[in-house]
**Q** 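Before we start, here is the structure in question, set down as structure tokens.
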Amino acid sequence: MTRAEPISRRRLLAGAAAVAGVPLLGACNAGPSSKAPSSGNTAAAGAVTITMMFGIQDLTKEQIADFEAKNPGIKIQFLENDPARLNAMLASGNPPDIVIGPAVGSSNNNARGLATDLTPYLDKSQVLKKEDLQPINDSFRWDGSKIGQGGYYGIVKDFSQDATLWYNTALFDKAKVPYLSDTEPTPYDELLAIAKKLTIKDGGKTLVFGLGLEWAWSLIGPMATMILQQGGQVYNADLTEIDFNSPAARRAFQWYVDFAQAGVGPTSLNPLPDGSDMSTFSAQRMAITQDGYWFGGNYIEDKKMNGNIRMAPAPIMGDKRVSPSYGGQGAWIPAEAKHKDAAWKLMEYFMAGPPAEGRAKSGWGIPGLKSLASKLPQDLPYQKQAYAVAQNELQYAAPLPESPYITTDACNAAIDKQLQRAIKKELTVDAACAAVTVEINKLLKQGKERIG
């Protein structure tokens, strides 16, 4: 893995969101393929070439050669992940055979019939087993109306519970702030108070940010988490309407406004140049960043940093602990893929073979398979500490609600627009939440009309 992985990971998420905007064309009513997996060896029917659209860091040339050697009837054509190209390939009915993409947010693709139900393959596989799948895989499930049950339309390669925190103990020591608990969640209001103590300013310049929220990556995910933690609901029963006028939603929105007005961390009005907390945190100019377990993979070789960083549980707003993933990166097979059986063989290799073991040992995310969790690194003190926090946090994992009628990017854009107005005091929080509700519900209605 390279140091660019965190940005690449989020670009992949953004790419998947872009795919959700593909025109429906004639594929709208096609639905997932009903073709059952064949029982014969793919090679027996003659050699095939499958196309995979992944990130350049996902499968090395050596691993591709290893797979081809173990499956002599299959050749791989690698396509670098490109949302625009994928959109065009899906719209033309000539998609790649296997595609990288997140579990969270996949319902839009599934509702439009773009992905294959992999359940028949799972049922017959001697490599991948349903009982070995981490719960994050439930976000790839689709029953025709909502996520969490029904068939599996993708498999997660790795994930993190993205609301968890990483912090720099040296900066805590300098500010004489006690360390965060390894087991108990910090209330969001307390977290903001801590961030204020850790923030260092000189005139109009911020020397150290107290807290980073990866604002550029997601707003609907963290806010939905805050709402769930208060016992609230994000969508109505049929996922056609959102309600940001509820007390729980207004409280979450208000917290973001308070955070921005306090000037303790980057926002869309005060963004970081590279759109990611990593470089600022690494430069010891950010005391806390809200990033998942995977973030620790940046610091394996950084002795200066890895001696001063720790992981903490997801903060809480309300009484219910919820620690979700905002993505859960995995792979799926398009409904119109030409070589599904061969693509499934690559899926097995990628998810449970040498690439999966290598990913687990690297610490770049928690494996999508329970059986690989023991391979996560614990050699360094910070790795042991983060492993213990992450394993304890798994009991609070919960799928985020999502509607198939809107993309994550569209939700984020609507929320951010009104957040900016509230931060600048152009609107009250109540008025901004009302505007978010109206705008997103309009988009939900349009999405429902397109999908049917």
**Q** Below 4.0 angstrom, N of the basic side chain to O of the carboxylate: do Asp173 and Lys176 qualify?
**A** no

**Q** What's the verdict on side-chain contact (heavy atoms from CB on, under 4.5 Å) for Lys370 and Leu133, showing C-alpha distance, side-chain angles and the deciding distance?
**A** CA-CA 6 Å; Lys370 298 174 184 176; Leu133 300 179; over 6 Å; no

**Q** Counting distance only, does the side-chain N/O of Gln230 pair as donor-acceptor with the main-chain N or O of Ala248 below 3.5 Å?
**A**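 Yes; at least one donor-acceptor contact below 3.5 Å.
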
**Q** Tell me whether the centres of the aromatic rings in Phe67 and Tyr349 are closer together than 6.0 Å.
**A**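 When the ring centroids of Phe67 and Tyr349 are compared, they turn out to be within the sub-6.0 Å range.
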
**Q** Assess the residue pair Ile136 and Val104 against the criterion (side-chain contact (heavy atoms from CB on, under 4.5 Å)); give the C-alpha distance rounded to whole Å, side-chain angles, the decisive distance to 0.1 Å, and a yes or no.
**A** CA-CA 8 Å; Ile136 182 62; Val104 179; 4.3 Å; yes

**Q** Show your working on salt bridge (charged side-chain N to carboxylate O under 4.0 Å, His left out) between Glu131 and Lys129 and close with a plain yes or no.
**A** CA-CA 5 Å; Glu131 58 270 22; Lys129 300 293 183 180; 5.9 Å; no

**Q** Would you say the rings of Tyr153 and Trp332 are close, in the sense that their centroids are separated by under 6.0 Å?
**A**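 Here the rings of Tyr153 and Trp332 have centres that are no less than 6.0 Å from each other.
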
**Q** Working to the nearest 0.5 angstrom, can you tell me the gap between Cys411 SG and Glu439 CD?
**A**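 Output value for this atom pair is 10.0 Å.
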
**Q** Between Lys448 and Asp238, is there a salt bridge with N-O shorter than 4.0 Å?
**A**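 Salt bridge: no.
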
**Q** Measuring from Tyr387:OH to Leu376:CG, what's the distance to the nearest 0.5 Å?
**A**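 These two atoms lie 6.0 Å from each other.
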
**Q** Between Met317 and Trp255, is any pair of side-chain heavy atoms under 4.5 Å apart?
**A**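 Contact flag for Met317/Trp255 side chains = yes.
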
**Q** With rounding to the nearest 0.5 Å, note down the distance linking CG in Leu272 to CZ in Phe281.
**A**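 Rounded to the nearest 0.5 Å, the CG-CZ separation comes out at 13.0 Å.
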
**Q** So, for Ser139 and Pro399, which heavy atoms are closest and what is the spacing to 0.1 Å?
**A**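 Closest heavy-atom pair between Ser139 and Pro399: OG-CB, 4.0 Å.
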
**Q** Mind checking whether Leu346 and Ile76 have side chains closer than 4.5 Å, heavy atoms only?
**A** yes

**Q** Going by the angle between their ring planes, with limits at 30° and 60°, are Trp166 and Phe295 parallel, tilted or perpendicular?
**A**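 It falls in the tilted class, 30° to 60°.
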
**Q** Donor-acceptor pair, distance only, cut-off 3.5 Å: does the side chain of Gln149 make one with the backbone of Trp142?
**A**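 No, Gln149 side chain to Trp142 backbone: no donor-acceptor pair under 3.5 Å.
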
**Q** Can you find a side-chain donor-acceptor pair between Gln290 and Asp162 that sits under 3.5 Å?
**A**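 Absent: no donor and acceptor within the cut-off.
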
**Q** Assess the side chains of Asn412 and Thr408: does a donor N or O sit below 3.5 Å from an acceptor N or O?
**A** no

**Q** Ignoring hydrogens and angles, tell me if any N or O in the side chain of Asn137 forms a donor-acceptor pair with the backbone of Gly368 under 3.5 Å.
**A** yes

**Q** Is Asp123 salt-bridged to Lys130, going by a charged N under 4.0 Å from an acidic O?
**A** yes

**Q** Ion pair present between Asp182 and Arg310, side-chain N to carboxylate O less than 4.0 angstrom?
**A** yes

**Q** Are the side chain of Gln63 and the backbone of Thr60 linked by a donor-acceptor contact shorter than 3.5 Å?
**A** yes

**Q** Quick test of your reading: applying ring pair (Phe, Tyr, Trp, His ring centres under 6.0 Å), list the pairs with at least one residue in residues 393-430, sequence neighbours left out, ordered by first then second residue.
**A**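 Passing the test, one end in residues 393-430: no pairs.
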
**Q** For Tyr256 together with Trp215, are the ring centres under 6.0 Å from each other?
**A**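 Yes: the rings meet the under 6.0 Å criterion.
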
**Q** Is there a side-chain hydrogen bond (donor to acceptor under 3.5 Å, both in side chains) between Ser323 and Glu393? Walk through the geometry before answering.
**A** CA-CA 7 Å; Ser323 186; Glu393 199 76 355; 2.9 Å; yes

**Q** Keeping Thr116 on the side-chain end and Pro334 on the backbone end, is there a donor-acceptor pair under 3.5 Å?
**A** yes

**Q** Let me see the working for Leu207 and Lys201 under side-chain contact (heavy atoms from CB on, under 4.5 Å), right down to the final yes or no.
**A** CA-CA 5 Å; Leu207 302 180; Lys201 296 186 178 183; over 6 Å; no

**Q** Between Asn108 and Ser106, is there a side-chain donor-acceptor contact under 3.5 Å, judged purely by atom types and distance?
**A**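 Checked: Ser106/Asn108 side chains show no N/O donor-acceptor pair below 3.5 Å.
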
**Q** Using a 4.5 Å cut-off on heavy atoms from C-beta on, say whether the side chain of Ile333 contacts that of Asp97.
**A**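 No. Closest side-chain heavy atoms not under 4.5 Å.
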
**Q** Side chains of Ser279 and Asp274: donor-acceptor distance under 3.5 Å anywhere?
**A** yes

**Q** Would Thr289 and Asp291 count as a side-chain hydrogen bond (donor to acceptor under 3.5 Å, both in side chains) if you check the C-alpha gap in whole Å, the side-chain angles of each, and the deciding distance to 0.1 Å?
**A** CA-CA 6 Å; Thr289 178; Asp291 279 290; 2.5 Å; yes

**Q** Compare all side-chain heavy atoms of Glu184 with those of Pro313 and state whether any distance is below 4.5 angstrom.
**A** no

**Q** Does Glu241 have any side chain to side chain donor-acceptor pair (under 3.5 Å) partners at least two apart in sequence or in another chain, and if so, which?
**A**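 Partners of Glu241 under the side chain to side chain donor-acceptor pair (under 3.5 Å) test: none.
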
**Q** Kindly give the heavy-atom pair with the smallest separation between Asn306 and Tyr299, and that separation in Å.
**A**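 Where Asn306 meets Tyr299 most closely, the heavy atoms are ND2-O, 3.0 Å.
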
**Q** Under 3.5 Å, side chain of Tyr382 to main-chain N/O of Gly296, donor-acceptor pair present?
**A** yes

**Q** Inspect the surroundings of NZ in Lys424 and state if more than 12 heavy atoms from other residues, nucleotides or ligands are less than 6.0 Å away.
**A**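 It does: Lys424 NZ has more than 12 such atoms within range.
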
**Q** Which heavy atom of Leu380 sits nearest a heavy atom of Ile300, and at what distance?
**A**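 For Leu380 and Ile300, the tightest heavy-atom pair comes out as CD1-O, 3.7 Å.
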
**Q** State, with a plain yes or no, whether a side-chain heavy atom of Arg251 is found less than 4.5 Å away from one of Met226.
**A**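 Sidechains of Met226 and Arg251: no contact.
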
**Q** Do Gln233 and Ser246 get their side chains close enough for a donor-acceptor pair, meaning under 3.5 Å?
**A**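 Side chains of Gln233 and Ser246: no pair found under 3.5 Å.
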
**Q** Test Thr199 against Val208 for side-chain contact (heavy atoms from CB on, under 4.5 Å), laying out the working first.
**A** CA-CA 5 Å; Thr199 300; Val208 175; over 6 Å; no

**Q** What verdict does the salt bridge (charged side-chain N to carboxylate O under 4.0 Å, His left out) test give for Arg141 and Asp138, after you've listed the backbone C-alpha separation in whole Å, the side-chain angles of each residue and the deciding distance to 0.1 Å?
**A** CA-CA 5 Å; Arg141 299 183 70 183; Asp138 287 346; 3.8 Å; yes

**Q** Write down the atom of Thr119, the atom of Tyr152, and the distance for their closest heavy-atom approach.
**A**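 Nearest heavy atoms, Thr119 then Tyr152: OG1-N, 3.0 Å.
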
**Q** Rounded to the nearest 0.5 Å, how far does CE of Met305 lie from CG of Asp302?
**A** 6.5 Å

**Q** Hey, is Glu80 close enough to Arg85 for a salt bridge, meaning N to O under 4.0 Å?
**A** no

**Q** With a 4.5 Å cut-off on side-chain heavy atoms, are Ile100 and Asp58 touching?
**A** yes

**Q** Is there side-chain contact between Met52 and Leu79, with heavy atoms separated by less than 4.5 Å?
**A** no

**Q** Where is the tightest heavy-atom contact between Ser181 and Thr183, given as atom of each residue plus distance?
**A** OG-N, 3.0 Å

**Q** How long is the gap from CG on Leu239 to NZ on Lys146, to the nearest 0.5 Å?
**A**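 Here the interatomic distance stands at 8.0 Å.
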
**Q** May I ask you to decide if Asn245's main-chain N or O and Arg250's side chain share a donor-acceptor pair within less than 3.5 Å?
**A** yes

**Q** Residues two or more places apart in sequence or in another chain: which of them pass ring pair (Phe, Tyr, Trp, His ring centres under 6.0 Å) with Phe172?
**A** Tyr167

**Q** Pairing donors with acceptors under 3.5 angstrom, does anything connect the side chains of Asp379 and Gln383?
**A** no

**Q** If we only count heavy atoms from C-beta on, is the Ile194 to Ile288 side-chain gap below 4.5 Å?
**A**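 Side-chain contact under 4.5 Å: yes.
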
**Q** Please name the pair of heavy atoms, one in Ala224 and one in Leu400, separated by the smallest distance, quoted to 0.1 Å.
**A** CB-CD2, 4.2 Å

**Q** When rounded to the nearest 0.5 angstrom, what is the spacing between OG in Ser107 and CZ in Arg112?
**A**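 Atom-to-atom, Ser107:OG and Arg112:CZ are 10.5 Å apart.
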
